[in-house]
Amino acid sequence: MYAFNYHKPGSVVEAVALLGQNEDAKLVAGGQTLIPTLKQRLAMPGDVIDLSGISDLSGIREDGDGLVIGAMTRHADVVGSDIVRRRIPALAALAEHIGDRQVRNLGTLGGSIANNDPAADYPAGLLGLGATVTTDRRTLAADDFFIGLFETILEPTEVVVSVHFPVPERAAYAKFPNPASRYAVVGVFVAKTSTGVRVAVTGAGAGVFRETAMEQALSAQFAPDALAGITIDSAALNDDIHASRDYRAHLVTVMAKRAVAAAS
Amino acid sequence: MSVSVTLTVNGRSVTRSVEPRTLLVQMLREHLGLTGTHVGCDTSQCGACVVHLDGRSVKACTVFAVQADGASVTTIEGLAAADGTLHPMQAAFREHHALQCGFCTPGMVMSAIDLVKTNPAPTERDVRVGLEGNLCRCTGYHNIVKAVLAGAEAMRPPVVPAAE
């Protein structure tokens, strides 16, 4: 990996300033994606800014009708959180199947969503639950946050602070993991919320997306059979050594049915 | 640019000047001579490099040493007692012959101890799932699972019978 300068700010304000001063700087949260990326020389940041010194970025708390989880909260802490298990068990279950135990001990919520890997799990959780992302300067609906392949609406110097997850009436996540990486070949998060049914799909396309035909069908009847007549158009789906686009289209329906069954 | 990193490694405070890109596993092996922590895949998949960072198992090939500054690190060398008595999990690995070539063993033992800490009485399935981040290229999983189950039992505090 190429050499870089290291910074460890003590506040979000300081981190934003460092991003402004160093044009090709990268933030490191848990490092579980950034470090492998640097090892492969797929990125060459002149400066790496470590967020682990900012203590108020970590933590889980109840907030009215939902949960607020800090950007630097490790996956393992979401898995083990009594609050998350009680209020949104589907989110704890999602976190429990990210990577492996050692990756979960370091990887963070903020790192996962800011990276927006097309096969990552958390983007489906945020989009499926209709979460809201708070940054150093604004709040963003999950529907607006994720743009496409490794792309979010975040500005170059913007830092994710926390995510607010509204508590759904019921929800579940079903994932078909790649057996080596544990990334989702296809993952589907289904939530029945006070404002309607939401179905978010990860792994299948260039980025996480909502499957509106399924949402409408499940709004009429929240049961796996309600999805039987829906055909997923495979034209825009991923096609690679792990799965063909037709196979992924098939998996979207299978995983959606499993998620609905688990949530029912 | 080099940075000063201070770690408590196996109970001993050490300070070294390293480059920011130095991985924790490099610092342990190359700067501190603790070669019990292995580098297998170097892509955070195989788990040969697992150590405990502030009590949690992590893949030391996917942590910068500087990220661990101020932290406590336990490696395989730090498990046995001062008189050489093996940790119960190490003893279970020996007893059940839970190794063939032995390359994955340090990481397996470190992951197994972390697993048992949060799940003191794991089932066979819990052990197999809990060790998903550790690969044994010899495919010697059967005895590894047996050893972890036995090690977990040995690590559990004895049940004190209720007073009559």
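Sequence lines set the chain letters: A, B, ... in the order given, protein chains first and strands last, and positions in each chain run from 1.
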> Side chain, backbone, both or neither: which part of B:Val129 has a heavy atom under 4.5 Å from chain A?
Replying inline: neither

> Tell me, side chain or backbone of A:Leu34 under 4.5 Å from chain B's heavy atoms, or both, or neither?
Replying inline: neither

> When heavy-atom pairs shorter than 4.5 Å are enumerated against chain A, which of B:Leu131, B:Leu115, B:Leu135 gives the highest number?
Replying inline: B:Leu115

> Taking only residues two or more places apart in sequence, or in another chain, which ones meet A:Ala71 in a side chain to side chain contact (heavy atoms under 4.5 Å, CB included)?
Replying inline: A:Val160

>> Can you list everything that forms a salt bridge (charged side-chain N to carboxylate O under 4.0 Å, His left out) with A:Arg86? Sequence neighbours excluded, please.
In response: A:Glu62

> With a 4.5 angstrom heavy-atom cut-off, which part of B:Val50 approaches chain A: side chain, backbone, both or neither?
Replying inline: side chain

> Looking only at heavy atoms, what is the nearest atom pair of B:Met1 and A:Phe4, with distance?
Replying inline: SD-O, 4.3 Å

Considering distance alone, list the donor-acceptor pairs between chain A and chain B shorter than 3.5 Å.
residue	atom	partner	partner atom	Å
A:Met1	O	B:Arg21	NH1	2.5
A:Gln32	NE2	B:Thr62	O	3.1
A:Lys39	NZ	B:Asp42	O	2.9
A:Lys39	NZ	B:Asp42	OD1	2.7
A:Lys39	NZ	B:Cys61	O	2.7
A:Asp77	OD1	B:Arg56	NH2	2.3
A:Asp100	OD2	B:Lys59	NZ	2.5
A:Arg101	NE	B:Asp114	OD2	3.1
A:Arg101	NH2	B:Asp114	O	3.0
A:Arg101	NH2	B:Thr118	OG1	2.6
A:Gln102	NE2	B:Ser57	OG	3.0
A:Gln102	NE2	B:Ser111	OG	3.0
A:Asn105	ND2	B:Ser57	O	2.8
A:Asn105	ND2	B:Ser57	OG	3.4
A:Asn105	ND2	B:Asp114	OD2	3.4
A:Arg182	NE	B:Glu132	OE1	3.3
A:Arg182	NH2	B:Glu132	O	3.2

>> So which residue, A:Val103, A:Leu38, A:Ile35, A:Val48, ends up with the most heavy-atom pairs under 4.5 Å with chain B?
In response: A:Ile35

> What pairs with A:Glu155 under side-chain hydrogen bond (donor to acceptor under 3.5 Å, both in side chains), at least two apart in sequence or on another chain?
Replying inline: A:Arg137

> Tell me, side chain or backbone of B:Leu23 under 4.5 Å from chain A's heavy atoms, or both, or neither?
Replying inline: side chain

